[in-house]
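Below is one structure, written out as structure tokens; comments come after it.
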There are 2 protein chains.
Amino acid sequence: MPEPSVANTLRRPRAPRKTAGTAPASPSAGGPEASSGLDTSYLETLLGYNARRAALAVITVFLRRMAPFGLRPVDFSVLTLIAHNPGVTSRQLCAELDILPPNLVGMIKNLDKRGLIERKPHPSDRRAQGLHLSAEGKQLQKQAQLTATRLEHDVSDTLTPAELDTLNALLRKVYQR
Amino acid sequence: MPEPSVANTLRRPRAPRKTAGTAPASPSAGGPEASSGLDTSYLETLLGYNARRAALAVITVFLRRMAPFGLRPVDFSVLTLIAHNPGVTSRQLCAELDILPPNLVGMIKNLDKRGLIERKPHPSDRRAQGLHLSAEGKQLQKQAQLTATRLEHDVSDTLTPAELDTLNALLRKVYQR
DNA sequence: TATTGTTATACTCTATAACTATA
DNA sequence: TATAGTTATAGAGTATAACAATA
């Protein structure tokens with residue numbers, strides 16, 4: 001049996017669908033109910049469920065705002081890592097972003113074709129190539145980063161700045177071990 | 001141009017890969033660096049990036065622990081929603097979990113084939129069918145839920161119980177609007 | 001006319017094997 | 001012998017269109 005991928009746990013949300021009037025036969029008592037009318041109180045106690053839904057909400061806005069730049073989240077991550085780490089290799093990007101090398105090839109090729117990055121010979125390893133942003137790439141990445149930073153505040157407008165800081169710090173504590 | 005999916009933002013992490021000795025040419029000053037040696041300080045300020053990585057960390061453990069039950073995260077969510085909302089319809093599950101109806105069909109069919117759920121005629125709408133857990137399904141869901149609850153604490157062992165509560169509450173504030 | 005569940009199918013994303021050039 | 005980058009391709013996940021039955 002093939003291992004299930006993690007991918008299906010995040011999905012792009014679409015236009016809200018009007019929920020049918022079929023109420024659940026016996027909703028659990030106690031917990032508040034979601035907008036769908038279903039009892040989701042248990043799932044909402046789970047960090048995985050909450051992190052997935054929060055990531056989903058943020059990424060949805062991200063997709064919309066980054067569309068003008070022609071950048072998916074992964075493209076933005078790649079471009080940003082190159083911007084902050086000029087000369088970085090494909091292999092390093094793969095390790096950091098957990099992308100398999102064969103799947104990065106197309107992205108790099110595409111960014112190169114768009115004239116956003118340049119591949120220069122690596123100073124000490126002739127197998128590798130150092131990745132750099134072109135002038136145009138620097139320009140685009142700068143704009144995209146501004147957009148991402150602005151987005152950061154917009155998607156968390158239900159939180160105080162202090163709460164956002166706390167949230168980010170706690171999330172980092174979960175995945176940095 | 002086809003819209004990018006949100007799926008590529010989450011991926012199953014694999015065995016850690018030894019990072020090459022190619023250091024970045026000019027790491028940004030100030031921020032602490034990730035284990036890969038790259039400067040990821042900016043990305044780590046982004047809620048989307050942090051939520052994605054945290055979800056990734058949790059889901060990875062989830063996949064491993066739920067494998068004995070033959071349940072992917074989405075299967076567990078479906079089973080759990082049916083458990084807590086007996087008589088729920090496919091349409092309601094789709095709305096709550098943001099699954100497209102055609103993609104839920106196979107999952108429901110599979111759970112039915114495994115004898116975990118039963119499809120009964122809907123009391124008031126002959127188009128729909130009410131979903132219920134079988135005795136075996138109830139048993140499995142109960143065990144799986146116990147596993148999920150235990151996992152919840154294990155993956156957050158770098159957090160105090162109070163911090164975990166805070167984290168979950170803040171995440172809910174992000175996606176509940 | 002709209003909705004539930006469904007089939008068929010296209011497209012995107014993720015993973016594995018294997019090759020070359022170099023270390 | 002191992003690693004960086006690459007190609008080809010298989011497998012899993014996500015999306016749209018369209019249909020029959022019912023509301």
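A note on names: the letters A, B, ... follow the listed sequences, proteins ahead of strands, and every chain is numbered from 1.
- With sequence neighbours left out, B/Gln176 forms a side chain to side chain donor-acceptor pair (under 3.5 Å) with A/Glu44.
- Residue A/Val105 has its side chain nearest to D/dT7 when only D/dT7, D/dT14, C/dT6 are considered.
- A straight line from CG of B/Asn103 to P of C/dT9 spans 16 Å, rounded to a whole angstrom.
- Following rounding to the nearest Å, B/Leu104 (CG) and D/dT14 (C1') show an atom-to-atom distance of 13 Å.
- With B/Leu93 as the partner, the side-chain contact (heavy atoms from CB on, under 4.5 Å) test is satisfied by one option alone out of B/Ile82, B/Asn85, B/Val74: B/Ile82.
- B/Leu111 has its CG atom 16 Å from the C1' atom of C/dG5, to the nearest Å.
- When rounded to the nearest whole Å, the span between CG of A/Asp98 and C1' of C/dA15 equals 12 Å.
- Applying the 4.0 Å criterion to OP1 and OP2 of D/dA23, one finds that B/Arg91 has every side-chain N and O outside that range.
- A/Phe62 has its ring centre less than 6.0 Å from the ring centre of A/Phe76.
- A/Arg150 meets the side chain to side chain donor-acceptor pair (under 3.5 Å) test with no other residue; sequence neighbours excluded.
- Distances shorter than 4.0 Å separate some side-chain N or O of B/Gln129 from OP1 or OP2 on C/dT6.
- At whole-Å resolution of the value, CG in A/Asp112 and P in D/dT6 are 10 Å apart.
- With rounding to whole Å, B/Ile108 atom CD1 is found 13 Å from C/dT4 atom C1'.
- B/Leu100 places its CG atom 12 Å from the P atom of D/dA17, with the value rounded to the nearest Å.
- Between the CG atom of B/Leu63 and the P atom of C/dA15 there is a distance of 11 Å, given to the nearest Å.
- Here the nucleotide nearest the side chain of A/Arg72, chosen from C/dT6, D/dG5, C/dC13, is C/dC13.
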With the sugar-phosphate defined as primed atoms, P, OP1 and OP2, and the base as all remaining atoms, what B/S/- string results for nucleotides 17-23 of chain C, 5' to 3', for protein heavy atoms under 4.0 Å?
B---BBS
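- Screening residues 134-177 of chain B for ring pair (Phe, Tyr, Trp, His ring centres under 6.0 Å) gives no qualifying pairs among residues at least two apart or on separate chains.
- For B/Gln141, the side chain to side chain donor-acceptor pair (under 3.5 Å) test picks out B/Thr80, B/Gln145, with sequence neighbours left out.
- Listed by chain and number, the residues in a salt bridge (charged side-chain N to carboxylate O under 4.0 Å, His left out) with A/Lys173 are B/Glu163 (sequence neighbours excluded).
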